[in-house]
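Throughout, protein chains are lettered first and strands after them, A, B, ... in sequence-line order, and every chain is numbered starting at 1. Quantities reported herein were computed from a predicted structural model and do not represent experimental measurements.
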Amino acid sequence: MTEKNKIETGFASDAQKNPQRVVFVTRNTSAKVTDERGPQVMTYPHLLLREAIALQVLVVALVLVALFWDAPLEQLANPLLTPNPAKAPWYFLGLQELLHYFPPFVAGVIIPTLVVLGLIVIPYFNVNIEGAPIWERRPEQHFRRYAAVIAGLTVFLALFDAWTVLAPTLLIGGLLVWSYYAKPEQSRAAEYLRGRPLSWWLMTWFVAVAMILTLVGTFFRGPGWSWVWPWRAYGA
Amino acid sequence: MSDIKHPSSTGETSTGQRGNGVTRRDFLNEVTLGALGIAGLGAAVVTYQYFSPNVLFEPSTTFRAGSPDLYPVHSVSFLQDQQVYIVRMPEGFYAVSAVCTHLGCVTQWKPDAEIIACPCHGSKFKQDGTKIEGPAPRPLPHFAISLTADGELLVDKLQAVKAAQVLKV
Amino acid sequence: MATTLQASLDRLRATRVWKSIFRRGPAVTNRSRSQAVFGNLFLHWLPVKVREKALTVRASYYLGSISFLLFIALTVTGILLMFYYHPAVPQAYRDMKDLRFVVSNGVFLRNVHRLAAHLMVLLVFWHMFHVFYRGGYKPPHEFNWVVGVILLLLTLFLSYTGYLLPWDQLAFWAITVGSNIISAMPFVGSKMRFILLGGNVVGENALLRFYVLHVVVLPLAAFFFIGVHFWRVQKDGGLTVRSKNDGKK
Amino acid sequence: MAPEEMGKVTYRMRLIFAASSLLFVAVLAVSPVKDLLREWKHYKRGYLQFARTRPDTKRLTADYRPDLDQIWIPEMNVVDRCASCHQGITQATLADGSVPQPYRAHPPIPHRVREWGCTPCHRGQGVATEVAEAHETTLAWEQPILPGRYVQGACGSCHHDARPELPKLNRGRQLLADHNCAGCHRLQDIERSVMQGPDLTSVGTKVSREWIYKWLKEPRTVVDDSGNVKVNGYETQESPRMPQFRLSEQELHDLSAYLSAQRSHPVAPYKFSGAVVAKWGKRPDVTDQGELRFRQMFCSTCHSLAVTRAGETKLIGGEIGPELTKVGSKVNPDWLAAWLLNPQGYLAHSKMPRYEWSEEDLFTVTRYIETKLTDSDLLSNVPQLGAATKEEIAHGKKTFSEKGCASCHAVGSSGTQKDFGPDLSALGSKNVSQLEFGKSTIPRNLSSYIQAKITDPSSVNSAARMPQYNFNAADLEAITTALLSMTGPPATSALQKLTIPRGNPQFQPAGEFARIYERYQCADCHKFNGYGGDLAPDLSYEGSRAQRQWIISFLKNPQTLRPTLTFRMPQFNMSEREAAVLADYLSMVMQSPDVRQEAVNAKELTPAQAALGKQLYEVKYQCQSCHTIGSGGGYVGPNLNNAGNWLKPEWIAAWLSNPQALVPGTIEPHRTMTDGEIKALTAYLMTLRQSGGKAAQKQVAAHGAKAGGNGVAGQ
């Protein structure tokens with residue numbers, strides 16, 4: 001009875017003995033207690049001491065940088081004088097880069113909404129809980145499906161000439177295709193990549209695109225959102 | 001961190017009551033506490049410094065009160081912007097604060113009764129600022145008054161002077 | 001010297017006042033150490049015990065903790081900066097100049113605030129990716145992941161609203177460009193922008209709104225969700241720590 | 001693990017914590033230390049040390065406080081902390097040049113630093129307390145300190161009037177006006193003049209295509225690289241009006257074709273009567289006679305001619321009209337006579353007066369110009385252009401508008417084109433980031449930009465259409481100063497109140513007087529109520545000064561009052577009626593409120609007073625050192641031989657009591673005289689009359705002509 005309960009809820013019932021006992025039962029696996037996660041120590045003082053050190057190191061780092069780097073301050077805001085280029089804060093520069101390629105509704109609304117929704121629903125997707133490696137089951141069928149998605153995405157991005165999005169997409173897509181054909185024993189990278197679930201691939205693609213777009217928007221965009229090399233000052 | 005993994009080896013040092021382990025542990029404790037204490041005190045001092053402004057956007061405490069001819073003899077003129085009475089008597093000029101010494105209300109000159117009266121708690125002063133009655137603890141202070149090179153009155157509200165000191169024009 | 005310090009500390013701990021506040025003796029036993037955590041409102045967010053493995057740097061790089069500490073640092077420097085800031089045009093900009101040139105340590109505080117803000121956005125992203133790659137979003141942590149996503153959005157909005165406050169060209173045009181993205185939403189976009197800015201252009205109203213959002217509304221919301229986030233870490237069984245058989249079938 | 005071991009902190013952790021705490025304290029201390037060592041505090045301490053080395057230490061340190069010094073003038077939006085470092089700014093004893101900066105005192109100016117602050121004049125960032133931030137261009141401040149040599153530009157932001165203390169600014173504004181900069185650009189306070197460049201509607205009837213080609217290639221007035229102005233190869237002080245455009249050979253062909261085809265409203269060729277031609281046509285002295293008339297009519301007051309003296313050739317004559325040395329090779333003879341008869345008939349806004357010509361004079365003078373004022377080499381370098389083709393004309397028309405020629409020149413009814421170039425009325429407050437520097441390597445600041453733009457427009461913008469100007473260094477600086485003064489309207493209403501507007505004088509007479517005034521272009525040389533030229537006396541109060549009869553006789557036969565002058569009133573051959581109309585108007589309208597007619601009654605002046613006056617004139621006040629009576633006296637002031645016929649007694653009285661009240665800036669000394677002395681001097685001066693009558697007048701006229709001839713040749 002106890003055992004059945006564990007399987008259904010995924011939680012240990014005797015929380016008093018060991019509140020951290022967690023059990024997952026998924027397809028193709030058997031029920032297994034996964035509590036072999038080492039001994040425990042008191043929060044006070046062990047964790048708090050480390051937090052205090054972390055705080056001190058953080059403050060030291062902040063102070064040292066703040067002494068040599070001044071927070072930017074430009075001229076008084078002037079609605080009549082648009083700087084060229086006018087840039088949003090750096091964490092929105094990926095979005096601004098997207099706006100350069102896609103209509104505002106797509107880049108400004110649909111994509112951010114999808115990203116936020118996607119992030120929220122990740123834990124509720126079954127496929128992630130399994131953590132099943134991507135090519136484990138029905139690889140041919142999956143490969144055809146994924147290849148079609150990558151091809152479609154490539155055509156779509158190429159149509160909009162959005163090559164700063166296309167580049168990381170092709171990179172990750174290429175890795176995915178490579179991992180399909182590679183033999184796990186061939187190299188450690190192949191073994192690693194073949195062991196990743198679909199959610200890992202999606203997130204990695206997102207991280208790659210977001211990073212490339214933000215870097216491009218921050219450093220490689222000049223007047224008129226044209227491509228510039230950051231080591232060459234504008235106008236010089 | 002592997003420090004707690006071998007309690008037998010490190011435990012000796014940290015918990016042992018013999019040798020210089022005790023002193024070392026205590027010393028470290030005190031260095032830490034001392035450093036944090038200094039940081040705390042320093043932070044208090046720096047915060048105090050931060051809170052005391054280095055420049056003020058307040059009206060100047062020294063101001064020009066115009067030509068002496070503007071003030072008839074035997075007159076008390078209230079300068080509202082500066083909250084000062086310019087008093088001209090036969091013996092000369094003096095500048096009297098219009099701020100009551102009791103609780104800082106602005107007093108009023110009553111020409112009929114020839115007194116300076118405070119509307120808040122009923123203090124009354126003579127035109128030279130000496131107290132007649134009321135809760136005010138002190139007479140109204142006199143400010144330094146002088147003539148500029150181009151012949152205008154100059155009052156310095158930061159500089160209080162004795163009541164006997166008048167400007168002869 | 002050493003002993004006197006220790007002795008006076010001990011004497012202080014023996015007073016009624018100290019005891020009334022801390023309600024425990026020196027933390028020498030596990031019981032008193034537990035009480036130290038239980039008996040303190042802020043430490044109550046933490047579990048009494050943590051897994052030893054979760055303390056290692058590689059387990060989390062302390063990304064969550066440092067993000068939180070940055071939030072505290074931002075709160076402290078932010079409150080100090082508020083003493084010299086008027087959310088008005090163009091006084092806000094003059095206040096920046098005064099912080100820079102006149103106020104003792106003003107430029108330092110502003111630098112720290114600005115730097116910590118950027119760092120916090122960066123670390124919150126990093127924290128999220130790190131948690132994802134470690135599988136920290138998986139049950140039973142699903143809800144805490146969602147809280148984390150909310151905290152990410154709050155961090156972005158905190159940083160974004162703070163961006164306008166210096167009222168310089170950088171601020172003005174970043175907010176102008178950013179707020180125009182909102183108006184791309186169908187039907188409600190322009191209305192939302194109108195409400196956010198309190199007008200059709202980035203002006204005095206927008207500055208005041210961003211100020212209130214930045215110093216009151218968003219920090220309170222962030223504080224609340226941070227509390228939930230910490231508390232859920234404890235309730236969901238602590239940090240995700242890989243066991244030996246993780247990743248191996 | 002034993003339960004109690006769970007709470008033991010290792011020695012290593014304690015060590016790490018202790019070390020990080022120490023580092024924490026040390027690093028936290030850096031910012032307060034940095035704060036202690038701020039730049040302004042350094043200068044504060046330095047001032048105390050410096051003051052101790054001075055003899056008047058006590059006075060210098062009387063106002064010393066260790067805090068920031070701030071000048072706050074809310075209504076002008078001024079927050080200046082400059083005095084935090086520049087602490088001796090108001091200490092008179094530190095004005096010496098040997099006092100090191102930043103402690104030197106400000107040179108005396110009419111503005112008090114406490115009431116005006118520093119940045120309204122010097123610019124820079126007043127709120128800054130660091131040297132670089134306060135003085136230089138930074139990301140957060142693009143109005144750096146105005147270099148000292150341009151500081152008059154700052155004065156000009158408020159003082160739109162011309163102040164004698166600001167010579168560089170005035171010179172710059174004058175240059176901007178003279179060079180027709182307002183033709184293409186909108187400039188603060190400099191309006192487009194009515195006559196920018198000549199109307200070219202019928203220019204094809206005036207000059208040949210070859211001459212146009214030559215002119216476009218090398219405008220008559222050329223400034224060489226060293227800034228010397230040359231007209232037809234002769235040095236002069238005249239400001240060049242037509243700039244040199246960078247035109248290709250093709251553009252020169254096209255433009256000359258287009259312009260030579262402009263013959264819309266040709267003036268009808270003047271036909272001399274047969275009698276005159278018969279009488280003068282054959283006479284060998286016709287050109288000599290023409291030259292004599294040319295001189296007698298004082299053409300030289302406005303036009304200059306090249307004169308060679310001692311191997312050196314110079315232009316002699318006025319600058320109101322063009323230089324005429326080679327004009328005979330330039331214009332068509334048919335056109336010339338018609339022009340001289342009625343200049344406004346060809347060019348409505350011409351400044352040239354319409355003389356009352358006798359046919360003989362016109363004939364001789366035109367012959368003189370056609371034969372003597374010529375240069376056979378003028379067109380020697382010009383290719384044979386032939387007749388203009390349709391295609392060339394069409395291209396020329398396009399080039400004409402592309403180069404902005406229409407900004408100054410009207411062709412046909414199209415009128416001139418406004419604001420061809422950028423608006424410069426707020427150039428002085430432009431930020432560096434708003435300027436295009438192109439590929440040039442000049443320093444990134446406004447004054448360098450302005451100078452580069454003027455000396456070589458293509459250096460900062462290869463597509464610049466602006467013509468090239470060659471100014472010498474001083475004029476370049478003056479123009480830069482004037483442009484820097486154009487900062488647009490002041491930002492705050494309080495400053496707007498303090499701005500001193502430019503006087504915008506207008507004089508709009510009416511009626512018969514207006515017709516004669518226009519005909520003789522009186523305002524070219526004379527001022528009327530502040531409007532007009534500077535060459536001749538201001539006539540605003542002429543009615544209070546001169547007697548009507550004298551004015552009439554002077555207008556009919558201008559003679560000089562001041563024999564040292566080169567430029568004199570031309571002989572217009574005015575009719576009696578015209579002279580009378582002018583005299584009536586001047587007597588009645590141009591009156592000074594300061595001259596009261598009842599002050600002196602001429603009839604009450606006695607010979608005794610006159611005798612006393614003579615005494616005062618000769619002994620007490622020594623007037624003869626400047627004025628001439630009879631044959632003795634100086635030449636600084638006007639000749640008083642005929643004062644009794646010329647001046648009104650009440651004017652003399654008012655003048656003697658306070659000359660500067662009547663004519664500000666006159667060199668007549670202001671003496672304190674008693675009323676009795678004034679009356680006596682007036683009485684004496686009123687007795688000075690030259691015998692009237694035709695003979696005297698004729699003699700005077702002849703003398704004037706002779707003197708004029710000498711004047712031109714002798715100067």
Where on [X] is there a heavy atom nearer than 4.5 Å to chain A: the side chain, the backbone, both, or neither?
{"X": "C:Val146", "value": "side chain"}
{"X": "C:Leu70", "value": "both"}
{"X": "C:Trp145", "value": "side chain"}
{"X": "C:Ala116", "value": "both"}
{"X": "C:Val37", "value": "side chain"}
{"X": "C:Thr176", "value": "neither"}
{"X": "C:Ser34", "value": "both"}
{"X": "C:Tyr163", "value": "side chain"}
{"X": "C:Arg94", "value": "neither"}
{"X": "C:His141", "value": "neither"}
{"X": "C:Val107", "value": "side chain"}

[atom1]/[X] to [atom2]/[Y] distance, rounded to the nearest 0.5 angstrom?
{"X": "C:Phe129", "Y": "A:Phe206", "atom1": "CZ", "atom2": "CZ", "answer": "5.0 Å"}
{"X": "A:Glu51", "Y": "C:Leu43", "atom1": "CD", "atom2": "CG", "answer": "10.0 Å"}
{"X": "A:Leu99", "Y": "C:Asn180", "atom1": "CG", "atom2": "CG", "answer": "10.0 Å"}
{"X": "C:Leu122", "Y": "A:Trp90", "atom1": "CG", "atom2": "CH2", "answer": "4.5 Å"}
{"X": "A:His46", "Y": "C:Leu55", "atom1": "NE2", "atom2": "CG", "answer": "8.0 Å"}
{"X": "C:Phe172", "Y": "A:Thr82", "atom1": "CZ", "atom2": "OG1", "answer": "8.5 Å"}

Among the listed options [options], the residue most often paired with chain C at heavy-atom distances under 4.5 Å:
{"options": "A:Ala77, A:Pro104, A:Gly108", "answer": "A:Ala77"}
{"options": "A:Ala107, A:Ala210, A:Pro72", "answer": "A:Pro72"}
{"options": "A:Leu47, A:Val109, A:Asp70", "answer": "A:Asp70"}

Looking at C:Val112 and A:Ala66, what are the two nearest heavy atoms and their distance? CG2-CB, 3.6 Å

Mind listing the closest non-hydrogen atom pair of C:Arg114 and A:Trp69 along with its distance? CG-CH2, 3.7 Å

Checking C:Ser32 against A:Tyr44: is there a side-chain donor and acceptor pair closer than 3.5 Å?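 No donor-acceptor contact under 3.5 Å links the two side chains.
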
Heavy-atom proximity to chain C below 4.5 Å, by part of [X]:
{"X": "A:Pro79", "answer": "both"}
{"X": "A:Phe105", "answer": "both"}
{"X": "A:Thr113", "answer": "neither"}
{"X": "A:Leu81", "answer": "both"}

CH2 of C:Trp231: more than 12 outside heavy atoms within 6.0 angstrom?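 Count not over threshold, so no.
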
Counting heavy-atom pairs under 4.5 Å with chain A, which one of [options] comes out on top?
{"options": "C:Val149, C:Leu115, C:Val89, C:Val201", "value": "C:Leu115"}
{"options": "C:Pro166, C:Gly178, C:Ala171, C:Ser159", "value": "C:Ser159"}
{"options": "C:Val202, C:Asp168, C:Val121", "value": "C:Asp168"}
{"options": "C:His118, C:Met96, C:Lys97", "value": "C:His118"}

Do [X] and [Y] have side-chain heavy atoms sitting under 4.5 Å apart?
{"X": "A:Leu58", "Y": "C:Leu119", "result": "yes"}
{"X": "C:Val177", "Y": "A:Lys87", "result": "no"}
{"X": "C:Leu69", "Y": "A:Val59", "result": "no"}

Checking the side chain of C:Tyr93 only, and the main-chain atoms of A:Glu74 only, is there a donor and an acceptor separated by less than 3.5 Å?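 Yes, the answer is positive, given that a donor and an acceptor are paired below the 3.5 Å cut-off.
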
Side-chain donor or acceptor of C:Tyr160 paired with backbone N/O of A:Tyr91 under 3.5 Å: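 Not confirmed, C:Tyr160 side chain does not pair with A:Tyr91 backbone.
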
As a quick check of understanding, evaluate side-chain contact (heavy atoms from CB on, under 4.5 Å) for C:Tyr62 and A:Val57, giving each step before the final call. CA-CA 12 Å; C:Tyr62 285 79; A:Val57 170; over 6 Å; no

Could you go through the side-chain contact (heavy atoms from CB on, under 4.5 Å) check for C:Lys49 and A:Val41 one step at a time? CA-CA 5 Å; C:Lys49 290 178 187 172; A:Val41 291; over 6 Å; no

